[in-house]
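To keep things clear, I will list the structure first and then write my remarks on it.
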Amino acid sequence: MIAVRNFVDGEFADPRSGARLDDIEPAVGAAYATVPDSGADDVAVAVAAAQRAFPAWARTPVEERARLLIDVAGRIEARLDEFARAESVDTGKPLSLARSLDIPRAVANLRFFATAALHFHSEAHATDHGVLNYTLRRPRGVAAVISPWNLPLYLLTWKIAPALATGNTVVAKPSELTPMTAQMLAEACRAAGLPPGVLNIVHGRGAGAGAALVSHPDVPTISFTGGTVTGAAIAATAAPMFKKIALELGGKNPNIVFADAGLDDAVATSLRAAFTNQGEICLSGSRLFVEEPIYESFVARMVDGARRLRLGDPLDSATEQGALVSAAHRDKVLGCIDQARRDGGRILCGGGPPAKPVSDRCRGGYFVEPTVIAGLDPKSRIMREEVFGPVVTVTPFRGEDEAVALANGTDYGLAACVWTENLARAHRVAERVASGTIWINCWMVRDLRVPFGGMKKSGVGREGGDEALRFFTEPKNVCIRIPEEPGA
Ligand code: NAD
């Protein structure tokens, strides 16, 4: 059985207590590795290492920091198949998705922020009457990076790369459910010659290692992606300590299809938006709203498409839908579907685990069929709360005003899709829907330069491009008075 280890001060280490958790392969339902159940003492050692490494790393020329990160990216790319397989086994996602999305995006994150830091600049303000202001942006010290299980290496590198590129050192805590590619990232960093202590990875549960990292007095910066409830707990700890926090939280994203939309594209992309990664994406289009004239035919096409998605062993190249990440999460998703039934929802397809095992190897796996639910009141629980599984609700609407009201009818505001061929309507609806990202006639098209984040309970702050570089740096304004030339 593989033993994942912490990575502290450039060395792999076991937790001081010796405590370990099982790392389960979700498609099989059995442990295949163990992961450290680290405690506050392990976190303290990692933070101390990161603090020691900070002054030299902050002074390291940005070209050298960029070179090292690009080197790490190259090492991951060279082992793409190994990384993709590890991500697929750890999460239950199709290997094909890990190969085409997760790992290439992790490589892109490292390259993007390594080179972005080379172009980062700050402001100067020439004030009237011989005064000049310029803004220094300096790294803030040790950054805590806490990431979830749905896109493990993708989201971990999305935070680590800008933190390191701008000269911070990092203590990262990946999800305890999916630690494997973080361990492989540590190996790549070591092989690339990243100085000891610059990146430290401490594995363990949120309530243990995670909470200890958040409350550590020598960690002034916290970048977190995960659930809204966890985000609130982190904010409650961090606020009175005046830490700088970025919180990327849950979503309950509307996908609005007007009758004038290009329907082939809208159907195909709505299916992807609902079911990619088994719906375990914060950006999933989990609430589908369809304008009345096309509602029946659109929903019929969605149901047909959902039924055709190939549920199977994630390691099989034909598989389009893998397993959910854990038994507990599968049970939560099934609970949400049952609640929807009790609330009067009609299950148009799916609604539970497959009738027979997807394969012999995967008999004990955590599979749920792609599920489409109609007939729910927009105020019902499943239409307001994040399911984070292969479940989409469908609801008809009449006209723009109702579409916008339905879209805005949750506490979340992460992402929204609008399908229409009417340009003016697209702009109007984009303006009115409360959401950090609006996709018009597309979904999950990501340019790493754009601001990314959520409104309302979907988060605080923005990541991406300059926003991330600004987040991980402290602006300091220097104001200089330039005296008049004597005698002038
Ligand atoms: P989670 O909040 O349970 O855990 C996320 C991370 O936080 C894990 O590493 C966990 O160990 C840690 N953690 C848990 N409790 C903690 C605490 N008290 N202090 C410090 N750390 C703690 O989330 P999850 O179940 O791993 O991920 C799913 C959630 O993540 C969904 O809600 C999803 O929408 C959200 N998510 C958001 C984005 C985004 O960009 N907005 C992206 C992906 C996932």
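By convention here, the first residue in the shown sequence is residue 1. In listed order, ligands and their atoms are each counted from 1.
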Of all pairs that satisfy ring pair (Phe, Tyr, Trp, His ring centres under 6.0 Å), the ones with a partner from residues 3-22, not counting sequence neighbours: F7-F12
Backbone of E369 reached by a side-chain donor or acceptor of T371 within 3.5 Å: yes
Cationic N near anionic O, under 4.0 Å, R205 to D37: yes
Residue, atom name and distance, where the atom is the protein heavy atom closest to atom 16 (C) of ligand 1: T230 CG2, 3.3 Å
Proximal atoms of ligand 1 relative to T225 (non-hydrogen, under 4.0 Å): 5 (C), 36 (N), 37 (C), 38 (C), 39 (C), 40 (O), 42 (C), 43 (C), 44 (C)
The one among G226, G436, A238 that brings a heavy atom closest to atom 35 (C) of ligand 1: G226
Side chain proximity check, T269 to W439, heavy atoms < 4.5 angstrom: no
Nearest neighbour in protein (non-hydrogen) for atom 12 (C) of ligand 1: I146 CG2, 3.7 Å
Donor-acceptor side-chain pairing of N168 and W57 below 3.5 angstrom: no
Polar atom proximity, L414 to ligand 1 (N or O, under 3.5 Å): no
Identity and distance of the protein heavy atom lying nearest atom 10 (C) of ligand 1: E176 OE1, 3.7 Å
Atom 21 (N) of ligand 1: the protein heavy-atom neighbour that sits closest, reported with distance to 0.1 Å: G210 CA, 3.6 Å
Minimum side-chain heavy-atom gap L155-P148 below 4.5 Å: yes
Identity of the nearest option to atom 27 (O) of ligand 1, non-hydrogen atoms only, from G453, A232, P179, P148: P148
For F452, the ligand 1 atoms whose distance to one of its heavy atoms is below 4.0 Å: 40 (O)
Minimum side-chain heavy-atom gap M302-V290 below 4.5 Å: no
Any P174 heavy atom less than 4.0 Å from ligand 1: yes
R16, CZ: over 12 other non-hydrogen atoms inside 6.0 angstrom: no
Heavy-atom gap S147 to ligand 1 smaller than 4.0 Å: yes
Shortest heavy-atom approach to atom 17 (C) of ligand 1 - which of G206, G250, S175: G206
Atoms of ligand 1, numbered as shown, that sit under 4.0 Å from any heavy atom of A211: 19 (N), 20 (C)
Mode of L151 contact toward ligand 1 - side chain, backbone, both, neither (heavy atoms, under 4.0 Å): neither
Contact (N/O only, under 3.5 Å) between W149 and ligand 1: yes
N150-ligand 1 polar pair, N/O distance under 3.5 Å: no
Per-atom contact, atom 4 (O) of ligand 1, protein heavy atoms, under 4.0 angstrom: no
Nearest-neighbour protein heavy atom for atom 23 (O) of ligand 1, which is reported as residue plus atom name and distance: G227 N, 3.3 Å
Close side-chain approach of H203 and K173, heavy atoms under 4.5 Å: no
Face-on cation placement of K332 at F388 ring, 6.0 Å and 45° thresholds: no
Closest approach of any protein heavy atom to atom 31 (C) of ligand 1, naming residue and atom: E386 OE1, 3.4 Å
Per-atom contacts of ligand 1 with E248, taking only distances under 4.0 Å to non-hydrogen atoms: 37 (C), 39 (C), 40 (O), 41 (N)
Residue and atom name of the nearest protein heavy atom (relative to atom 38 (C) of ligand 1), distance in Å to one decimal: C282 SG, 3.0 Å
Pair K159, S147: side-chain N/O donor-acceptor within cut-off below 3.5 Å: no
Ring centers of W158, F112 separated by less than 6.0 Å: no
Atom 41 (N) of ligand 1: nearest protein contact (heavy atom, Å): L249 O, 2.7 Å
Side-chain heavy atoms of P104 within contact of L80, under 4.5 Å: yes
Numbering as shown, the atoms of ligand 1 that approach L155 to under 4.0 Å (heavy-atom distance): 42 (C), 43 (C)
